[in-house]
Amino acid sequence: MSTSAPANTVIVLDFETTGLSPNQGDRAIEIGAVMLEKGQPVARFQELMNPGFRISRFIEDYTGISNQMLKAAAPCEEVMTRFYDFIGGHNLVAHNASFDQRFLDAEFAQIGCRYSGEFSCSMLLSRRLFPDAPNHKLGSLVAYKNIANDGVFHRALADSEMTAKLWNCLLEELQQSYQLHTPSFKLMQQICSKSKAAVPKFLHAQN
DNA sequence: TGCCAGGCCCTCTTTAGGGCCTT
């Protein structure tokens, strides 16, 4: 973990994008994020961004974000500059974080920015801490844990809000099942680095 | 012409293959 990242504060983020791979020319079209301080949302960020080309019909249908909406949006570089200021040096959380990290890295590379926080992944943690869930898609986990939601999916702020609530469920699971009352971000990262079978023994050893 | 991501994780594995998850 970055030594400059304040404890107990994380940025839970989610990108909507033109596709799956920035290496194939895909760009971000929306970023949403919730700043959690000791589990409580204290700030939010949501902006559409214009990637400079038309998005596919599939992405329009999948996200509900239209080419018309993006035509009126600020360019990616402008939005990502504001987002860089928003995240500061905080650590970061996303569902299937490797996906969002790739786009964050690619978009920040476009504007010459480098962030100092580290990532943790709510999907990898859920696989280890909620092994009985039917699957580990964000929407399925929201239903499995009875997480309150407004029925909006595949929009950046809505998904980051649900991921933030899932993150709190994961912390609660560590508190209730393993009596770990103040799980650190570092511990969350360590859980991800363990195999599913090794996690219970590892967590019991933390006490 | 046909294909086109990448990392994690499980297993009928490790000299591999395929499903999951994100848009």
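Everything quoted here is computed from the prediction, not taken from an experiment. Here is the naming used below: chain letters follow the sequence lines, and residue numbers restart at 1 for every chain.
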Quiz prompt | Side-chain donor-acceptor pair present, D105(A), Y115(A), cut-off under 3.5 Å | solution = yes
Practice problem: Just say parallel, tilted or perpendicular for the rings of F108(A) and Y84(A), cut-offs at 30° and 60°. | Solution: perpendicular
Practice problem: Examine distances only and state if a side-chain atom of D26(A) and a backbone atom of L20(A) form a donor-acceptor pair shorter than 3.5 Å. | Solution: yes
Quiz item: How long is the line joining CG of D105(A) and P of dG7(B), in whole Å?
Solution: 11 Å
Quiz prompt | Euclidean distance, atom CZ of residue F130(A) to atom C1' of dC21(B) [Å, nearest integer] | solution = 17 Å
Self-check item: Single-linkage hydrophobic cluster M49(A)~I111(A), side-chain heavy atoms < 4.5 angstrom
Solution: yes
Quiz prompt | Nearest-angstrom distance, P atom, dG7(B) to dC3(B) | solution = 23 Å
Quiz item: How close or far is atom P of dT22(B) from atom CD of E107(A), stated in whole angstroms?
Solution: 20 Å
Practice problem: Would you please say whether a donor-acceptor pair under 3.5 Å links the side chains of E60(A) and N67(A)? | Solution: yes
Quiz prompt | F58(A) CZ to dT22(B) C1', straight-line distance once rounded to whole Å | solution = 11 Å
Self-check item: Sugar-phosphate, base or nothing in reach of D61(A), heavy atoms under 4.0 Å
Solution: nothing
Quiz item: Considering only dC21(B), dT23(B), dG6(B), which nucleotide approaches the side chain of M123(A) most closely?
Solution: dC21(B)
Practice problem: When you get a sec, tell me which of dC8(B), dC21(B), dT23(B) is the closest nucleotide to the side chain of N96(A)? | Solution: dC21(B)
Quiz item: Looking only at atom P, what distance separates dG17(B) and dT13(B), rounded to whole Å?
Solution: 12 Å
Exercise. Return the nearest nucleotide to the side chain of N135(A); candidates are dT22(B), dC21(B), dG7(B).
Key: dC21(B)
Quiz item: Roughly how far apart, to the nearest Å, are dT1(B) and dC8(B) at atom P?
Solution: 37 Å
Exercise. Determine the contact category for I29(A): base if any of its heavy atoms lies under 4.0 Å from a base atom, sugar-phosphate if only primed atoms, P, OP1 or OP2 are that close, otherwise nothing.
Key: nothing
Quiz item: Can you tell me how far C1' of dC8(B) sits from NZ of K137(A), to the nearest Å?
Solution: 17 Å
Exercise. Taking only the side-chain heavy atoms of H95(A) (C-beta and beyond), determine which of dG6(B), dC21(B), dA5(B) contains the nearest atom.
Key: dC21(B)
Quiz prompt | Most 5' of K194(A) and Q24(A) on DNA chain B, judged by nearest nucleotide | solution = Q24(A)
Quiz item: Counting side-chain heavy atoms from C-beta on, which of dT23(B), dT22(B), dC20(B) comes nearest to L138(A)?
Solution: dT22(B)
Quiz item: Base, sugar-phosphate alone, or nothing: which one does F15(A) contact when heavy atoms must sit under 4.0 Å apart?
Solution: sugar-phosphate
Self-check item: Spacing of the C1' atoms in dC12(B) and dG18(B) (rounded, Å)
Solution: 12 Å
Practice problem: Ignoring the backbone of T63(A), work out which of dC21(B), dT23(B), dG6(B) is nearest its side chain. | Solution: dT23(B)
Practice problem: On the 0 to 90° scale, with breaks at 30° and 60°, tag the F15(A)-F103(A) ring pair as parallel, tilted or perpendicular. | Solution: tilted
Practice problem: Mind checking D14(A) for me? I need base, sugar-phosphate or nothing, with any heavy atom below 4.0 Å counting as a touch. | Solution: sugar-phosphate
Practice problem: Specify the separation, in whole Å, of atom CG of L20(A) and atom P of dC21(B). | Solution: 15 Å
Practice problem: Name the residue closer to the 5' end of DNA chain B, choosing between R102(A) and G139(A) according to the nucleotide with the nearest heavy atom. | Solution: R102(A)
Exercise. Look at E47(A) together with R82(A) and state whether they make a salt bridge at an N to O cut-off of under 4.0 Å.
Key: yes
Quiz item: How far does the P atom of dG19(B) sit from the matching atom of dC4(B), given to the nearest Å?
Solution: 14 Å
Self-check item: Length of the line joining H136(A):NE2 and dC20(B):P, which is rounded to integer Å
Solution: 12 Å
Exercise. Take atom P in dC21(B) and the same atom in dG2(B), then report the distance between them in whole Å.
Key: 32 Å
Quiz prompt | Nearest-angstrom distance from the residue atom OH of Y62(A) to P of dT22(B) | solution = 6 Å
Exercise. Looking at every strand, decide which applies to D100(A) at a 4.0 Å heavy-atom threshold: base, sugar-phosphate, or nothing.
Key: nothing
